[in-house]
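Structure first, commentary second.
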There are 4 protein chains.
Amino acid sequence: MLIQLDFEIDKPIYLQLIEQIIAGIAKGQLQPGERLPSVRQLAADIGINMHTVNKAYQELRQREFIVIHRQQGVIIHPDGPPLADEQFRNTLEELLHPLIAESLCRQYSEDEFIQLI
Amino acid sequence: MLIQLDFEIDKPIYLQLIEQIIAGIAKGQLQPGERLPSVRQLAADIGINMHTVNKAYQELRQREFIVIHRQQGVIIHPDGPPLADEQFRNTLEELLHPLIAESLCRQYSEDEFIQLI
Amino acid sequence: MLIQLDFEIDKPIYLQLIEQIIAGIAKGQLQPGERLPSVRQLAADIGINMHTVNKAYQELRQREFIVIHRQQGVIIHPDGPPLADEQFRNTLEELLHPLIAESLCRQYSEDEFIQLI
Amino acid sequence: MLIQLDFEIDKPIYLQLIEQIIAGIAKGQLQPGERLPSVRQLAADIGINMHTVNKAYQELRQREFIVIHRQQGVIIHPDGPPLADEQFRNTLEELLHPLIAESLCRQYSEDEFIQLI
DNA sequence: GTGGTCTAGACCACG
DNA sequence: GTGGTCTAGACCACT
């Protein structure tokens with residue numbers, strides 16, 4: 001899978017990495033059980049530091065998107081990603097709230113909003 | 001209008017302030033031309049640093065939600081908030097993208113997503 | 001509170017740090033809402049690297065023992081530590097299992113075991 | 001005796017192996033003098049590296065749970081496992097201490113703790 | 001001055 | 001060769 005990072009915007013690299021991998025899973029490009037590059041490999045490929053990749057992997061592991069084997073490397077969680085729970089819905093709502101507020105202000109209609117999605 | 005800040009979450013205070021004011025406009029609690037408290041006043045009211053309020057006001061001014069007069073103080077932009085333009089749509093899409101990706105992963109259906117909105 | 005680290009044993013420093021702080025809370029030496037030293041301060045005090053302290057703090061935050069404010073520093077979680085849940089019981093059982101097995105082998109009686117606790 | 005390894009958790013395989021064998025002795029499934037599979041045999045049976053099995057056996061030998069004969073192979077220590085000594089009690093206490101501290105924090109009562117055991 | 005992020009380089013345990 | 005840990009030093013955002 002192709003990883004596309006943007007070093008110009010101020011979003012942390014490790015977050016971009018996390019989002020790219022989640023997007024890869026969402027699109028089906030990364031299948032449960034599939035192997036990801038090693039920390040060092042991926043770091044070398046995209047020209048960033050090992051620790052930055054590691055930080056992304058650690059958070060993905062904590063959120064149960066991947067499993068990290070000490071020797072065998074990193075694989076997409078074989079059971080698939082975690083399902084939406086109450087906490088996720090709350091977080092999602094919290095993140096969406098300001099976006100919706102601003103859209104309302106700017107008279108960006110609900111339909112357009114949904115269509116964009 | 002009541003400002004509600006949460007000092008526990010790691011979202012910067014000035015951002016929370018911006019979002020609260022935009023939400024106030026969205027809800028109609030703040031009308032075009034209406035006067036906002038001065039930087040010092042608001043800072044004292046909610047017990048935060050003056051610079052923090054100033055930073056929020058400056059960004060709101062730059063995004064054309066408010067106008068800052070030397071004498072009259074701070075007022076909601078009399079022409080109303082700016083309309084949605086191409087740039088806004090792009091930013092919005094950029095912010096929504098990772099949320100949608102994760103929702104897809106977690107089998108959070110489109111319907112539920114829209115309903116949440 | 002006094003932090004006592006042992007650099008000789010092979011238990012990672014950040015883990016020792018986590019355990020010391022949890023023990024401090026258990027003993028009541030650290031009260032909810034109480035402030036902990038800053039990352040840099042604590043690192044300097046015990047002569048270790050800032051990142052090692054940070055790693056410990058991050059894990060304590062994730063486990064909801066502490067709250068990290070961006071500017072105000074680090075405080076013991078005001079609501080007190082999280083209560084025991086199903087997951088904790090399972091983890092505890094998993095960790096205790098091998099200890100109990102070996103104690104049985106070595107004819108270390110149940111009474112002595114409990115007394116030790 | 002059935003050996004059950006979990007390659008997903010981050011506990012080293014050789015440690016899991018050690019614990020399983022000790023548990024086997026504790027349960028009486030493995031009797032003093034009983035023969036264990038050879039390093040190669042066991043490695044092949046459970047599909048792991050020979051060195052891993054060897055490492056587990058070496059540690060079990062050093063802790064006097066098993067005896068390794070050049071010709072007869074590996075057998076459970078005929079005198080039975082070593083009894084609890086001062087050192088064992090200290091180690092046990094050291095391992096239990098953080099578990100108890102966290103249990104206290106989480107208001108996991110002593111009774112429940114003992115009952116779990 | 002606080003934590004957040006990133007880089008760089010080192011040693012170790014594991015298999 | 002893999003991830004885990006630790007050190008060291010740098011820049012940045014926030015208040």
Side-chain angles (χ1 to χ4, degrees), chain A residues 5 7 10-18 35-44 46-59 61 66-75, chain B residues 5 7 9-17 43 46-56 59, chain C residues 5 7 10-18 35-44 46-59 61 66-75, chain D residues 5 7 9-17 43 46-56 59:
Chain A
L5 299 181
F7 297 93
D10 69 348
K11 186 178 293 214
I13 295 175
Y14 83 97
L15 271 186
Q16 293 186 47
L17 211 42
I18 290 173
R35 190 142 183 263
L36 289 176
S38 79
V39 174
R40 285 169 171 80
Q41 186 64 52
L42 185 52
I46 52 187
I48 61 174
N49 191 280
M50 187 197 86
H51 295 95
T52 307
V53 177
N54 194 47
K55 182 162 187 175
Y57 276 3
Q58 288 301 330
E59 183 159 337
R61 180 185 65 111
I66 64 174
V67 176
I68 301 178
H69 290 233
R70 229 183 253 268
Q71 321 312 334
Q72 297 153 263
V74 180
I75 61 170
Chain B
L5 298 183
F7 296 92
I9 59 176
D10 69 351
K11 186 179 292 220
I13 294 174
Y14 84 98
L15 267 187
Q16 292 187 49
L17 210 45
I46 49 186
I48 61 174
N49 195 294
M50 206 188 74
H51 300 321
T52 307
V53 177
N54 193 50
K55 181 160 187 176
E59 183 161 336
Chain C
L5 298 183
F7 297 93
D10 69 347
K11 187 179 293 218
I13 295 175
Y14 83 98
L15 270 187
Q16 293 186 47
L17 211 44
I18 290 173
R35 192 145 181 262
L36 289 175
S38 80
V39 175
R40 284 169 173 78
Q41 186 64 52
L42 184 53
I46 51 188
I48 61 172
N49 191 280
M50 187 197 87
H51 294 97
T52 307
V53 177
N54 193 47
K55 184 162 186 175
Y57 276 4
Q58 289 301 330
E59 183 159 337
R61 180 186 65 113
I66 63 175
V67 176
I68 299 177
H69 289 234
R70 228 184 255 268
Q71 320 313 333
Q72 297 153 261
V74 179
I75 61 171
Chain D
L5 298 181
F7 296 92
I9 59 175
D10 69 351
K11 186 180 293 220
I13 295 174
Y14 84 98
L15 268 186
Q16 292 187 49
L17 209 45
I46 49 188
I48 61 176
N49 194 295
M50 206 188 75
H51 300 322
T52 308
V53 177
N54 193 49
K55 181 161 187 174
E59 184 161 334

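Naming: A, B, ... by sequence-line order, numbering from 1 per chain.
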Minimum heavy-atom distance [X]-[Y], with the two atoms named:
{"X": "Y14(D)", "Y": "A56(D)", "result": "O-CB, 3.7 Å"}
{"X": "I48(B)", "Y": "V53(B)", "result": "CD1-CG2, 3.7 Å"}
{"X": "I75(A)", "Y": "H69(A)", "result": "CD1-NE2, 4.1 Å"}
{"X": "R35(C)", "Y": "Q72(C)", "result": "NE-O, 2.9 Å"}
{"X": "K11(C)", "Y": "Q16(C)", "result": "O-NE2, 3.0 Å"}
{"X": "N49(A)", "Y": "H51(A)", "result": "OD1-N, 2.8 Å"}

Write down the protein N/O and nucleotide N/O pairs, taken from nucleotides 10-13 of chain E, whose separation is under 3.5 Å; answer none if there are no such pairs.
none

- Shortest side-chain distance from N49(A), nucleotide among dA8(E), dC6(F), dT2(F):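 That would be dA8(E).
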- Closest-nucleotide 5' rank along DNA chain F - winner of I13(C) and K11(B):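 Nearer the 5' end of the strand: I13(C).
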Rounded to whole angstroms, how far apart are [atom1] on [X] and [atom2] on [N]?
{"X": "L5(D)", "N": "dC14(E)", "atom1": "CG", "atom2": "P", "answer": "15 Å"}
{"X": "I68(A)", "N": "dT5(F)", "atom1": "CD1", "atom2": "C1'", "answer": "14 Å"}
{"X": "L42(C)", "N": "dG1(E)", "atom1": "CG", "atom2": "C1'", "answer": "16 Å"}
{"X": "L15(A)", "N": "dC6(E)", "atom1": "CG", "atom2": "C1'", "answer": "13 Å"}
{"X": "I48(C)", "N": "dA8(F)", "atom1": "CD1", "atom2": "C1'", "answer": "14 Å"}
{"X": "D10(D)", "N": "dG15(E)", "atom1": "CG", "atom2": "C1'", "answer": "15 Å"}
{"X": "Q41(C)", "N": "dT2(E)", "atom1": "CD", "atom2": "P", "answer": "7 Å"}
{"X": "Q72(A)", "N": "dG4(F)", "atom1": "CD", "atom2": "P", "answer": "13 Å"}

- Query: Among all residues two or more places apart in sequence or in another chain, which pass the side chain to side chain contact (heavy atoms under 4.5 Å, CB included) test with D10(D)?
  - Reply: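 Result, side chain to side chain contact (heavy atoms under 4.5 Å, CB included) vs D10(D): R70(A).
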- Message: Students often get this wrong, so: under 4.0 angstrom with heavy atoms, is Q58(C) touching a base, only sugar-phosphate, or nothing?
- Response: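 Result for Q58(C) = sugar-phosphate.
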- Query: Is a side-chain donor or acceptor of R61(C) paired with a backbone partner of V74(C) at a separation under 3.5 angstrom?
  - Reply: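 No, R61(C) side chain to V74(C) backbone: no donor-acceptor pair under 3.5 Å.
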- Query: With respect to the phosphate group of dG4(E), does any side-chain polar atom (N or O) of N54(C) fall under 4.0 Å of OP1 or OP2?
  - Reply: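 N54(C) to dG4(E) OP1/OP2: side-chain N or O found under 4.0 Å.
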- Message: Given a 3.5 Å cut-off on both pairing distances, which stems involving DNA chain E, each at least three consecutive Watson-Crick or G-U pairs, are present, if any?
- Response: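 Correct response: E:1-14 with F:1-14.
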- Task: Could you pick out which residue, T52(D) or V74(C), lies toward the 5' side of DNA chain E when each is mapped onto its nearest nucleotide?
- Result: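 Nearer the 5' end of the strand: V74(C).
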- State the CG-CD1 distance between L36(A) and I66(A), to the nearest 0.5 angstrom.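 Reported to 0.5 Å precision, the distance equals 6.5 Å.
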